[in-house]
Amino acid sequence: MVQIRHNHSMTAIDDYLTTVEPSKRKELDRIRALAKQTVPDAEEAIVYGMPTLKYRNKPLLGFAARKNHIGIYPYSGQVIETLQDQLQDYSSSKGAIRIPLDRPISEEMLQQIIHLRLLQITHS
């Protein structure tokens with residue numbers, strides 16, 4: 001019998017996701033996949049205890065399961081401020097966007113958040 005070896009190594013984000021309940025994990029997986037699709041060379045890390053994609057060694061987008069919502073963290077109050085009109089359906093603070101569990105963030109909105117943060121990183 002041939003033994004097949006998988007080169008897929010678990011990342012810190014994979015480890016984090018194993019601790020999240022399945023309904024929330026599905027949404028975090030979707031956010032992660034969309035973000036990686038938008039920025040294929042982003043690196044995965046855990047920053048402030050949450051899954052984060054980094055670009056040019058700077059945090060690009062954090063995302064985490066919370067008790068009553070999914071938190072999205074663009075590591076920039078300016079991104080949230082710039083998009084505040086489009087984000088009015090969500091609760092937000094200077095550093096976080098709270099996505100209700102029953103209303104996932106749209107692909108377009110997530111891409112806008114990522115693109116604005118990317119611009120900040122590439123122009124800093």
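Both backbone and side-chain heavy atoms feed into the values below; hydrogens, waters and symmetry mates do not.
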Just to verify, what does Asp102 make a side-chain contact (heavy atoms from CB on, under 4.5 Å) with, not counting sequence neighbours? Pro100
Would you say that Val47 contacts Tyr73 through its side chain, given a criterion of any heavy-atom pair below 4.5 Å between the two side chains? no
Taking the side chain as everything from C-beta on, heavy atoms only, tell me whether Ile72 gets closer than 4.5 Å to Tyr90. no
The single option from Leu61, Leu60, Ile121, Leu34 that satisfies side-chain contact (heavy atoms from CB on, under 4.5 Å) with Val39 is Leu60
Hydrophobic cluster membership, with links at side-chain heavy-atom distances under 4.5 Å among I/L/V/M/F/W/Y: are Leu28 and Ile46 in one? yes
Over 12 non-hydrogen atoms of neighbours within 6.0 angstrom of CD in Gln78: no
Heavy-atom check, side chain of Ile70 versus side chain of Ile105, under 4.5 Å: no
Could you tell me whether the side chain of Thr52 and the main chain of Met50 form a donor-acceptor pair under 3.5 Å? yes
Once you round to the nearest 0.5 Å, how far does CG of Leu116 lie from CD1 of Ile113? 8.5 Å
To the nearest 0.5 Å, what is the distance between CD on Gln86 and OG on Ser106? 10.0 Å
Any donor-acceptor N/O pair, Arg25 side chain to Val20 backbone, under 3.5 Å: yes
Do we see a donor-acceptor contact under 3.5 Å between the side chains of Thr11 and Tyr16? no
Residue pair Met109 / Ile97, side-chain heavy-atom distance below 4.5 Å: no
Shortest non-hydrogen contact from Arg66 to Gly71? CG-N, 4.4 Å
Between Arg98 and His69 (side chain of the first, backbone of the second, donor and acceptor by atom type, cut-off under 3.5 Å), is there such a pair? no
How about Arg32 and Phe63: do any of their side-chain heavy atoms sit closer than 4.5 Å? yes
Non-hydrogen side-chain atoms of Glu44 and Lys36 separated by less than 4.5 Å: yes
Smallest heavy-atom separation, Arg117 atom then Pro59 atom, equals NH2-O, 2.9 Å
Could you state the interatomic distance from NZ (Lys26) to CD1 (Ile31), rounded to the nearest 0.5 Å? 13.0 Å
Salt bridge (Lys or Arg N to Asp or Glu O under 4.0 Å) partners for Arg56, two or more places apart: none
Can Tyr75 be reached from Leu83 by stepping across I, L, V, M, F, W or Y side chains whose heavy atoms are under 4.5 Å apart? no
Test of understanding: with side-chain contact (heavy atoms from CB on, under 4.5 Å), list the residues that count as partners of Thr38, not counting sequence neighbours. Gln111, Ile114, His115
Pro74 and Ile80, any side-chain heavy atoms less than 4.5 Å apart: yes
Between Glu27 and Lys24, is there a salt bridge with N-O shorter than 4.0 Å? no
Regarding Glu107 and Arg30, does a basic nitrogen lie under 4.0 Å from an acidic carboxylate oxygen? no
